[in-house]
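Notes to accompany the following structure.
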Amino acid sequence: MQKQLTTVTDTLATWMQAAFTALYGEAIDVSGVGVVATGNAAFGDYQCNAAMGLAKVLKVAPRVIADRLVAEAPPHEAVARLEVAGPGFINIFLADAWLVSRVAALRGDPRGGVPQPGQGRTVVMDYSSPNIAKPMHIGHIRSTIIGNALDRMYRLLGYRVIADNHIGDWGTQFGIIIMGYRNFLDRTALEQSPIEELERVYVKSYERAKADEGWMTQCRRELVKLQAGDPENTALWKQFIALSLGEFARIYKRLGVAFDLVRGESFYNDRLAAMIALLEEKGLATISEGALCVFLEEDGLPVCIVRKSDGGYNYATSDLATVFSRVEEFAPEKIVYVTDERQQLHFKQFFTISRKLGVETRLDHVWFGLMRLPDATFSTRQGNVIKLEHLLDEAERRAFELISTSSPDMKEACRREVARAVGIGAVKYADLSQNPQTTVTFTWDKALALDGNSGPYLQYAYARIASVRDKYSERFPDGDLEAADLLLTGPAERDLMIRLLRFPEVVMRAADAYKPSMVADYLYELAQGYSSFYQNVPFLKAETGIRESRVLLCGVIAAVLRRGLDLLGIETPERI
RNA sequence: GCCCCCGUAGCUCAGUGGAUAGAGCAACGGAUUUCUAAUCCGUGGGUCGCAGGUUCGAUCCCUGCCGGGGGCGCCA
């Protein structure tokens, strides 16, 4: 069992390391010896490039090292043969029988062979984190979708994940909103679309505050009252939160996103004073221009304000308090924050201060590029926001249109359900298939692509596999897949088997690099391999034995596709 | 001024130390009496921003420059 939970690269790398050690002993450091998948089948399935690197240490030509290794390496059940090519590449050709046995072991494994190195380890993931009284627009989707994919990946790897939605429920904007609410509110609009109305009164109040000093002063006064626990303002604030959370919940449900914790920044309010005391006690904080500051020059960072000259606390203070709270409560191995690129400096500062305060927990900032529109920077002020719900509606509408033309016989309720999964899948995949760190230029056609390298392409591939399975039982009711053997009868199958065995290491590497796009890439290649296989190789019309084998292989591919798409939060309808 | 990202095919993007740099879209040509054509097969398309450097080997690492985006004391 344990053997099946080792990745192919681990298996081969361990073997190569042993072979190098047997030849050269202590003269070399073998820890860097690894193998990678080849880019070209002519060069084998995996390759080891260590001979070139060792040539310098050993003062021997790389070709000679490689030749010697190939001649003297002990046999391994996974390896059919080795070849030396070019300057000293060692090309590894996997043994068919071993491949087949490894893939056969995946039959019925809903985990796709992924091991659980995270057992007994805890990770806190802080993502999505929208602000109260503001609608979620397409700019919010990245943190939510990327964070949720990472969340799912770590869970599959066996980690205990605490997904925490760190809501922006505390800050200077509340004074402005309270004034807007008291003066400009339209009750009917609030009932129909609460967040839109709250945003409207916020914008109106904000504009007034910019032009009217007296108004601004009143806003600040309302904020101070709220912070002092004034019952009226507190009741309003609680109402804003309830309304916002209700709306967020609707969107999270559509997106299939669930949190373990939904704690606003306000949850940590009673720890802020203690945070400041600790900073002062450690001699890290100094007063400058009335504000309490932490100077980080020796760390090459600009100053960080932890308490404003008016006595209010900043984001950094709140985040510090949050770290202490999380460490106490969950004792995580690491805390991961998923936010946009603009917050890089903030996280560098607050991570540095955390370390100075003795926090040993690993803190990682996963940042992603901003979402922008083709013609303009994304901006609430310019009013060119696209509401997240609008995007999801449009995605489902387009998917429904497509399904209705391609599958007119399907019942409408079915088409709606499939359109929902496909539309949301398209939106998620469009984001997740891209390197998180690149700036996204939003276009409807790209975000909602239903063909080519898209979520629906993968879902379509899955649905066709499901169909093969059903057609098989229909046409061959006496067939016994359970008892059938998996065979390797052609290059397309071999290619698919090798790809299938790569899934566990792709998941591990993607989780480690915080890049769901690596999983997306992998799944797309797997689906492409399958689509080509499907189109060019007969399954149900193949002779008995081969037929069962191919249907079995389809089953394994389906399981990995399903598992992988689930990691991206994308559903897999059985019919499309 | 300083710091962080990005620059790859007409467009949108993968690839981040290995062999001949890949997809999708767009263009063009094929495939459906057949397991779902949202598919498949093929063709054309590149000084990997520019210039140096490190290396057996650089799109990938280092330095400089050009172009774009973001950030830099009381927002979060």
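Proteins come first, then strands; the chains are lettered A, B, ... in the order of their sequence lines, and each starts at number 1.
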What nucleotide among [options] has an atom nearest to a side-chain atom of [X]?
{"X": "I305(A)", "options": "A38(B), A76(B), C74(B)", "answer": "C74(B)"}
{"X": "Q434(A)", "options": "C13(B), A76(B), C40(B)", "answer": "C13(B)"}
{"X": "Q535(A)", "options": "C35(B), A76(B), A37(B)", "answer": "A37(B)"}

| task | Go through the steps to decide whether D319(A) and Y337(A) satisfy the test side chain to side chain donor-acceptor pair (under 3.5 Å), and finish with yes or no. | result | CA-CA 11 Å; D319(A) 269 349; Y337(A) 300 82; 5.7 Å; no
| message | On the six-membered ring of F539(A), is R547(A) placed so that its NZ or CZ lies under 6.0 angstrom from the centre and within 45° of the ring axis? | response | no
| When you measure from the centre of the six-membered ring of Y202(A), is the NZ or CZ of K134(A) under 6.0 Å away and within 45° of the axis? | yes
Paired nucleotide for [N] [Watson-Crick or G-U wobble; both distances under 3.5 Å]:
{"N": "C40(B)", "value": "G30(B)"}
{"N": "G45(B)", "value": "none"}
{"N": "G18(B)", "value": "C56(B)"}
{"N": "C25(B)", "value": "G10(B)"}
{"N": "C50(B)", "value": "G64(B)"}

Whole-angstrom distance between [N] and [M], as gauged at atom [atom1]:
{"N": "C4(B)", "M": "G46(B)", "atom1": "C1'", "value": "29 Å"}
{"N": "G64(B)", "M": "G18(B)", "atom1": "P", "value": "25 Å"}
{"N": "G44(B)", "M": "U55(B)", "atom1": "C1'", "value": "36 Å"}
{"N": "C48(B)", "M": "A21(B)", "atom1": "P", "value": "10 Å"}
{"N": "U54(B)", "M": "C5(B)", "atom1": "P", "value": "24 Å"}
{"N": "G17(B)", "M": "C11(B)", "atom1": "P", "value": "27 Å"}
{"N": "G24(B)", "M": "A14(B)", "atom1": "P", "value": "16 Å"}
{"N": "C60(B)", "M": "A76(B)", "atom1": "C1'", "value": "35 Å"}

| Which atoms form the tightest heavy-atom contact between A85(A) and N91(A), and what is the distance? | CB-ND2, 3.6 Å
| task | Considering non-hydrogen atoms only, spot the tightest contact between A461(A) and L561(A) and give its length. | result | CB-CD1, 4.4 Å
[N] phosphate, OP1 or OP2, under 4.0 Å from [X] side-chain N/O:
{"X": "Y313(A)", "N": "A76(B)", "value": "no"}
{"X": "S406(A)", "N": "A38(B)", "value": "no"}
{"X": "R342(A)", "N": "C75(B)", "value": "no"}
{"X": "S532(A)", "N": "C41(B)", "value": "yes"}
{"X": "Y460(A)", "N": "A38(B)", "value": "yes"}
{"X": "K56(A)", "N": "C56(B)", "value": "yes"}
{"X": "R464(A)", "N": "U39(B)", "value": "no"}

| 5' precedence on RNA chain B between F295(A) and F539(A) (nearest-nucleotide basis) | F539(A)
| query | Closer to the 5' end of RNA chain B via nearest nucleotide, is it R509(A) or K471(A)? | reply | R509(A)
| said: More than 12 heavy atoms of other residues, nucleotides or ligands under 6.0 Å from CZ of R263(A): yes or no? | reply: yes
| query | Looking at F442(A) versus H137(A), is the centre-to-centre ring distance below 6.0 Å? | reply | no
| So, for Y460(A) and Y457(A), is the gap between ring centers shorter than 6.0 Å? | no
Polar atoms only, N or O, under 3.5 Å: list the protein pairs with nucleotides 3-9 of chain B and their distances.
{"residue": "C4(B)", "atom": "O2'", "partner": "Q344(A)", "partner atom": "OE1", "Å": "2.8"}

| task | Answer yes when E474(A) and K471(A) have at least one side-chain N-carboxylate O distance shorter than 4.0 Å, and no when they do not. | result | no
| field | Polar contact flag, side-chain donor to acceptor under 3.5 angstrom, Y462(A)-R562(A) | value | yes
Residues 35-44 of chain A, side-chain donor-acceptor partners within the protein, below 3.5 Å, at least two apart:
{"residue": "T38(A)", "atom": "OG1", "partner": "N40(A)", "partner atom": "O", "Å": "3.4"}
{"residue": "T38(A)", "atom": "OG1", "partner": "G44(A)", "partner atom": "O", "Å": "2.6"}
{"residue": "T38(A)", "atom": "OG1", "partner": "D45(A)", "partner atom": "O", "Å": "3.4"}
{"residue": "N40(A)", "atom": "OD1", "partner": "A42(A)", "partner atom": "N", "Å": "2.9"}

| Base C40(B) paired with S531(A) side chain (donor-acceptor, <3.5 Å) | no
| message | Across nucleotides 17-30 of chain B, 5' to 3', mark each nucleotide with B, S or - according to how protein heavy atoms within less than 4.0 Å reach it. | response | -BBB--SSS-----
